[in-house]
Student: 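Here it is, the structure, as structure tokens.
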Amino acid sequence: MLWSQTFIPTLKETPADAEIVSHQLLLRAGLVRKLTGGLYTFLPLGLKVLRKIEQIIREEMNRAGGIEVLMPALQPIDIWQQSGRYETASGVLFKVRDSARKDWVLGPTHEEVITSLAANELNSYRQLPKNFYQIQTKFRDEIRPRFGLMRAKEFLMKDAYSFDATDAGAMTSYHKMYDAYTRIFARCGLQAFPVEADTGVIGGNYSHEFMVPAETGENDVVYCESGKYAANIEKAISRGPAEATPSESTGVAPEKVATPGVVTIEALAASPYGVSARHQIKTLVFVADSKPILVLIRGDDSLNEAKLMAKTGAVQVRQATADEIVDLLGARPGSLGAVSATLKTPAVPVYADEALRGARGMTTGANEDGFHLRHVEVDRDLKVTAWYDLRTVKVGELCVETQQPLKIRRAIEVGHVFKLGTKYSEKLNATFLSEDGSRHPAVMGCYGIGVTRTLQAVIEQCNDKDGIRWPVSVAPFTVCITPLTVAPESQPMTLARELAATLEAAGIEVILDDRDERPGVKFKDSELVGFPLRVNLGEKSLAKGEIELKPRGGTMRMVPIADAAAEVIAWVRAESARLQG
RNA sequence: CGGGACGUAGCUCAGCCCGGUAGAGCACUUGGUUUGGGACCAAGACGUCGCAGGUUCAAAUCCUGUCGUCCCGACCA
């Protein structure tokens, strides 16, 4: 490929609306251009990278027994109503209306479509297991598209769906995908690692996310340095708070104390009250599936809403409004409590965090503005409907596996594998006949990779001050041949064309920078775009019988003209082998 | 949806507070000089100052509304 005959609009300056380095480099290297918020056009080089990532995914999916299909992006709403997600996922659904005024959705994911297919086509245990996958555009009405391709309204995803006859079979399918994902990200040159994950709206009971460590990521991962434990903070557990919950009884009944103007944990902890956060019970009011609930957390802990939803089985949870809270408890936020004697409506469920078990000598709101209760003992004074682990793990707490202190880091989620069970197969009648003639719903799993997000994650992880540093496996071109003189019959240009032909014949993707630009411009551009190897052909070196090999980020090496092709091929093969894992 | 910032040339931005002929650098066009790390000189072209109202003799500048972008939060298979 000649540079002059493709389209690589590089930018010297950083675009104003790109915040993170990978987004800036996507634009500066001429890989994408924004149409509007959350929607991007892929330019030739961006598209080449995308296709390479897709190809790696295809190879590994096929190797793991996946069968490629292509499903419609436009979907009828009835299957979404059948699965129940027309309601539960309505926040992300793009809905469209046709000329007959019938409603459709643009698929944010394809459990409904594939399960409908399976319902019709998979009727016997003899046909199982099956794992269908596709690489296709997804649409999600993200509230806030962000960071270029990281969170977009329209994006490319690889999604796969497994159907098994038995739970054990489903676990096997799950682990095949888990292993395939590990290989896929390694081949893309990404350091990604699996973590235990919450399943969210998609459902199911077992799940891992593949995370790329990055400060700009949108997820917090809790992990143990031993490598034996890692989980999304939404799911993470520990051996409990670093400081024990107070459990010594004062032997005194709850006592009302005036705390005028005190509406925060901090204010109550400060002078003149001096009630440390650890001695307080935080009372939160939520509306879970339209019903009010009280949630109790130790004052120095924070509620993990994902856990609340997972543990209570609630589908939609929101914080109650101030008015709702006053109606329910008779007091405003800041003075709320769950001490039974103060509750107007004892029927409201009270969910308490495990860390509050046996707590005594606690202080909590009196359900009367400006007053708190002290000497509260949870077992004696509160009626707890259910105890759950609802708190968010904090740095330094001990790992449940190794008892070492846990750490937390930011990460980008590039893949997610779920064991779904029979949630969708039951609702959409994807059943099969087993050997004994009985009918069962297929046991499903689903597996997603954000292809466009993966592309940006590679940039986020592989860059330096000069630009992108593509791993050879996904680089738009592997070698950038750079003649410093481009006159058609000049020696640099003639040798450049010959070398390009030789390398292409060896299956190496080459771009030849035939632009009539000064060397500095070409060097800067090739480094910005990030081609793994640049081959310089300048009259000075050629006069000495040498060609220059400059790996991106490495040191320049001179090789005899006659050896250049062989040297480049050897370099590329060695780099490629390094990424095969 | 709440909070904040910002919309001026293709890009990065100044001008706005204090109303009075729309600017710089880069990019682009032409000519010349250069030619191993984003060259230099000269000439040129490029704008309904996001949009709509309002105030005013006069609005990029002040006011109101609106649309859009980015960030934080909420939310997020």
Side-chain angles (χ1 to χ4, degrees), chain A residues 9-20 23-24 27-28 30 33-39 80 83-85 88-93 105 107-112 138-148 150-153 155 157-161 197-204 207 209 216 218-219 232 234 305-306 309 315-319 321 413 415-418 420 423-424 446-450 453 466-467 482-487 490 492 513 515-529 534 536-544 546 548 550 556:
Chain A
T10 57
L11 303 173
K12 259 193 225 180
E13 289 177 286
T14 304
D17 57 4
E19 183 81 3
I20 67 173
H23 186 195
Q24 293 169 352
L27 295 164
R28 289 192 58 209
R33 285 292 182 265
K34 183 173 75 172
L35 173 62
T36 182
L39 298 174
W80 285 83
S83 73
R85 290 208 296 182
T88 60
S90 68
V92 298
L93 285 182
V105 306
T109 173
H110 282 67
E111 282 79 12
E112 283 76 5
K138 298 288 187 271
F139 299 87
R140 292 189 191 178
D141 188 8
E142 294 288 350
I143 307 172
R144 179 148 91 94
R146 237 195 290 220
F147 301 149
M150 285 294 187
R151 182 170 293 280
K153 287 177 183 290
F155 61 97
M157 183 183 205
K158 187 287 302 178
D159 44 327
Y161 306 89
D198 181 57
T199 54
V201 175
I202 204 155
S207 173
E209 290 164 334
T216 53
E218 297 185 84
N219 301 89
N232 191 310
E234 295 180 340
E305 281 194 40
M309 293 175 77
V315 174
Q316 283 174 320
V317 166
R318 64 171 174 85
Q319 291 202 343
T321 64
E413 177 194 345
H416 201 160
V417 292
F418 300 79
L420 284 176
K423 172 179 170 177
Y424 294 92
C446 70
Y447 318 94
I449 291 178
R453 184 184 283 179
D466 295 315
T482 309
L484 302 187
T485 309
V486 295
S490 66
D513 191 352
R515 295 174 301 165
D516 186 13
E517 291 285 356
R518 297 163 61 87
V521 173
K522 294 184 171 195
F523 295 158
K524 288 287 187 192
D525 267 350
S526 74
E527 282 156 15
L528 175 59
V529 174
R534 190 175 68 225
N536 297 337
L537 297 100
E539 276 160 339
K540 286 180 191 168
S541 295
L542 293 177
K544 290 188 281 182
E546 290 174 332
E548 299 160 7
K550 172 74 171 68
M556 185 125 76

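Note that the structure is a prediction, hence the values are computed from the model and not measured. To find a chain, count down the sequence lines: A is the first, B the second, and so on, and within it residues start at 1.
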Student: Regarding A:Gln316, tell me which of base, sugar-phosphate or nothing describes its non-hydrogen contacts under 4.0 Å with the strands shown.
Tutor: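 Here A:Gln316 touches no strand at all.
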Student: Between A:Arg144 and B:rC70, is there a side-chain N or O to OP1/OP2 distance below 4.0 Å?
Tutor: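 Checking B:rC70 against A:Arg144, no side-chain N or O comes under 4.0 Å of OP1 or OP2.
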Student: Using the side-chain heavy atoms of A:Leu528, tell me which of these nucleotides is nearest: B:rG38, B:rC75, B:rU12.
Tutor: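 Given the options B:rG38, B:rC75, B:rU12, the side chain of A:Leu528 is closest to B:rG38.
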Student: For nucleotides B:rG7 and B:rA60, find the distance between their C1' atoms and express it as a whole number of Å.
Tutor: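 The answer is 12 Å between these two C1' atoms.
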Student: B:rG38 P sits how many Å from A:Arg515 CZ, rounded?
Tutor: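 Checked: the CZ to P distance equals 14 Å.
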Student: Is the closest side-chain donor-acceptor distance between A:Thr14 and A:Gln24 under 3.5 Å?
Tutor: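 There is no such pair between these side chains.
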Student: Which nucleotide in the list B:rU12, B:rG36, B:rC71 gets nearest to the side chain of A:Glu19?
Tutor: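 So the side chain of A:Glu19 is nearest to B:rC71.
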Student: Taking the C1' atom in each of B:rC72 and B:rG38, what is the distance between them to the nearest angstrom?
Tutor: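 Pairwise C1' distance, B:rC72 against B:rG38, rounds to 35 Å.
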Student: Is the shortest side-chain heavy-atom distance between A:Leu93 and A:Pro108 below 4.5 Å?
Tutor: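 In short, these two side chains touch, coming nearer than 4.5 Å.
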Student: Taking NZ, NE, NH1 and NH2 as the nitrogens, is one of them in A:Glu142 or A:Lys153 under 4.0 Å from a carboxylate oxygen of the other?
Tutor: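 So A:Glu142 does not pair with A:Lys153 through a salt bridge.
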Student: Classify the nucleic acid contact of A:Arg534 as base, sugar-phosphate or nothing, counting any heavy atom under 4.0 Å across all strands shown.
Tutor: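 The answer is base, as A:Arg534 lies within the cut-off (heavy atoms under 4.0 Å) of a base atom.
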Student: Answer with yes or no whether A:Glu527 presents, from its side chain, a donor or acceptor under 3.5 Å of a partner atom in the base of B:rG38.
Tutor: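 Between B:rG38 and A:Glu527, which were checked side chain against base, a qualifying N/O pair under 3.5 Å is absent.
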Student: Are A:Arg146 and A:Glu218 ion-paired here, with the side-chain N under 4.0 Å from a carboxylate O?
Tutor: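 So A:Arg146 pairs with A:Glu218 through a salt bridge.
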Student: Using a 4.0 Å heavy-atom cut-off across all strands, classify A:Arg318 as base, sugar-phosphate, or nothing.
Tutor: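 A:Arg318: no heavy atom of the nucleic acid under 4.0 Å.
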Student: Determine the interatomic distance between P on B:rC63 and the same-named atom on B:rG68; round to the nearest Å.
Tutor: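 One P to the other, the span is 22 Å.
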Student: To the nearest angstrom, how far is A:Glu546 atom CD from B:rG36 atom P?
Tutor: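 So the two atoms are 18 Å apart, to the nearest Å.
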Student: Checking all strands, does A:Gly37 fall into the base, sugar-phosphate, or nothing category for heavy-atom contacts under 4.0 angstrom?
Tutor: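 The residue A:Gly37 makes sugar-phosphate contact but no base contact.
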Student: So what does A:Phe147 touch, heavy atoms closer than 4.0 Å: a base, only the sugar-phosphate, or nothing?
Tutor: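 Sugar-phosphate, backbone atoms only, no base.
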Student: Who is the Watson-Crick or G-U wobble partner of B:rU56, with both distances under 3.5 Å?
Tutor: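 In the structure as shown, B:rU56 has no Watson-Crick or wobble partner.
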Student: P atom, B:rG31 versus B:rA22: distance in rounded Å?
Tutor: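 My reading of the P atoms in B:rG31 and B:rA22 gives 32 Å.
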Student: A:Lys12 side chain: which of B:rG36, B:rC1, B:rC26 is closest?
Tutor: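 The answer is B:rC26.
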Student: Taking a pair as Watson-Crick or G-U wobble with both distances under 3.5 Å, which nucleotide is matched to B:rA42?
Tutor: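 Base partner found: B:rU30.
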Student: Let's test this: given Watson-Crick or G-U wobble pairing with both distances under 3.5 Å, identify the partner of B:rG36.
Tutor: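 B:rG36 is unpaired by these criteria.
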Student: Indicate yes or no: does A:Glu111 engage A:Arg85 in a salt bridge with an N to O separation below 4.0 Å.
Tutor: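 A salt bridge links A:Glu111 with A:Arg85.
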Student: State which of B:rC75, B:rC76, B:rC11 makes the closest approach to the side chain of A:Val92.
Tutor: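 Closest nucleotide to the A:Val92 side chain: B:rC76.
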Student: May I ask which nucleotide in the shown strands pairs with B:rA24, Watson-Crick or G-U wobble, both distances under 3.5 Å?
Tutor: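 B:rU12 - that is the nucleotide pairing with B:rA24, both distances being under 3.5 Å.
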Student: Scan every strand shown for a Watson-Crick or G-U wobble partner of B:rU69, both distances under 3.5 Å, and answer none if you come up empty.
Tutor: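 In the structure as shown, B:rU69 has B:rA5 as its Watson-Crick or wobble partner.
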Student: Mapping A:Phe523 and A:Gln319 onto RNA chain B by nearest heavy atom, which one lands closer to the 5' end?
Tutor: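 Its nearest nucleotide being more 5', the pick is A:Phe523.
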Student: About how many Å separate NZ of A:Lys12 and CG of A:Leu528, when rounded to the nearest 0.5 Å?
Tutor: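 Going from CG on A:Leu528 over to NZ on A:Lys12, the span is 12.0 Å.
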Student: What nucleotide among B:rU12, B:rG36, B:rC76 has an atom nearest to a side-chain atom of A:Arg151?
Tutor: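 Closest of the options to the side chain of A:Arg151: B:rC76.
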Student: Using the closest heavy atom to pick a nucleotide of RNA chain B for each, name whichever of A:Asp17 or A:Leu542 lands nearer the 5' end.
Tutor: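 Residue closer to the 5' terminus by nearest nucleotide: A:Leu542.
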Student: Does A:Glu548 get its side chain close enough to the base of B:rG36, under 3.5 Å, for a donor-acceptor pair?
Tutor: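 It does, because a donor-acceptor pair links the side chain of A:Glu548 to the base of B:rG36 below 3.5 Å.
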Student: Grab the two heavy atoms, one from A:His23 and one from A:Glu19, that are nearest each other, plus how far apart they are.
Tutor: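 Minimum heavy-atom contact is ND1-N, 4.1 Å.
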Student: Which part of the nucleic acid, if any, lies within contact of A:Thr36, taking any heavy atom under 4.0 Å across all strands shown: a base, the sugar-phosphate backbone alone, or nothing?
Tutor: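 Sugar-phosphate, no base atom in range.
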Student: Starting at atom CD of A:Glu517, determine the distance to atom P of B:rC28, rounded to an integer number of angstrom.
Tutor: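 One finds 8 Å between P of B:rC28 and CD of A:Glu517, rounded.
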Student: For atom C1', what is the distance between B:rA14 and B:rC51, given to the nearest Å?
Tutor: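 Rounded to whole Å, the distance is 23 Å.
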Student: CD of A:Glu218 versus P of B:rA74: gap in Å, rounded?
Tutor: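 Roughly 12 Å, once rounded to whole Å.
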Student: In whole Å, what is the span from the CZ atom of A:Arg518 to the P atom of B:rG37?
Tutor: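 Distance check: A:Arg518 CZ to B:rG37 P gives 8 Å.
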Student: If you look at every strand shown and take non-hydrogen atoms under 4.0 Å, does A:Asp159 touch a base, only sugar-phosphate, or nothing?
Tutor: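 Touches nothing.
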Student: Determine the interatomic distance between P on B:rC67 and the same-named atom on B:rC76; round to the nearest Å.
Tutor: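 After rounding to an integer number of Å, I get 25 Å for this pair.
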Student: Return the nearest nucleotide to the side chain of A:Glu13; candidates are B:rU12, B:rG36, B:rA74.
Tutor: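 Output: B:rU12.
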Student: Take atom CG of A:Leu39 and atom P of B:rC70, then tell me their distance rounded to the nearest Å.
Tutor: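 Those two atoms, CG and P, are 10 Å apart.
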Student: Measuring only the P atom in each nucleotide, how far is B:rG36 from B:rA45? A whole number of Å is fine.
Tutor: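 Taking atom P in both B:rG36 and B:rA45, they lie 34 Å apart.
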Student: Using the C1' atoms only, state how far B:rU21 lies from B:rC49, rounded to an integer number of Å.
Tutor: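 Result for the C1' pair: 15 Å, nearest Å.
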Student: In terms of side-chain heavy atoms of A:Lys524, which of B:rC75, B:rG37, B:rG36 is nearest?
Tutor: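 Closest of the options to the side chain of A:Lys524: B:rG37.
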Student: Between the side chains of A:Arg534 and A:Asp513, is the shortest nitrogen-to-carboxylate-oxygen separation below 4.0 Å, so that they form an ion pair?
Tutor: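 No, no charged N to carboxylate O under 4.0 Å.
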Student: Give the rounded distance in Å between these two atoms: CD1 of A:Ile143 and P of B:rC76.
Tutor: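 The answer, rounded to whole Å, is 7 Å.
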Student: Do you see a donor-acceptor pair shorter than 3.5 Å between the side chains of A:Glu548 and A:Ser541?
Tutor: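 Result is yes, a qualifying pair exists.
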Student: How many whole angstroms separate atom CD of A:Glu142 from atom C1' of B:rC71?
Tutor: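 Spelled out: CD on A:Glu142 to C1' on B:rC71 is 17 Å.
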Student: Think A:Lys34 has a side-chain N or O under 4.0 angstrom from the OP1 or OP2 of B:rU69?
Tutor: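 Checking B:rU69 against A:Lys34, no side-chain N or O comes under 4.0 Å of OP1 or OP2.
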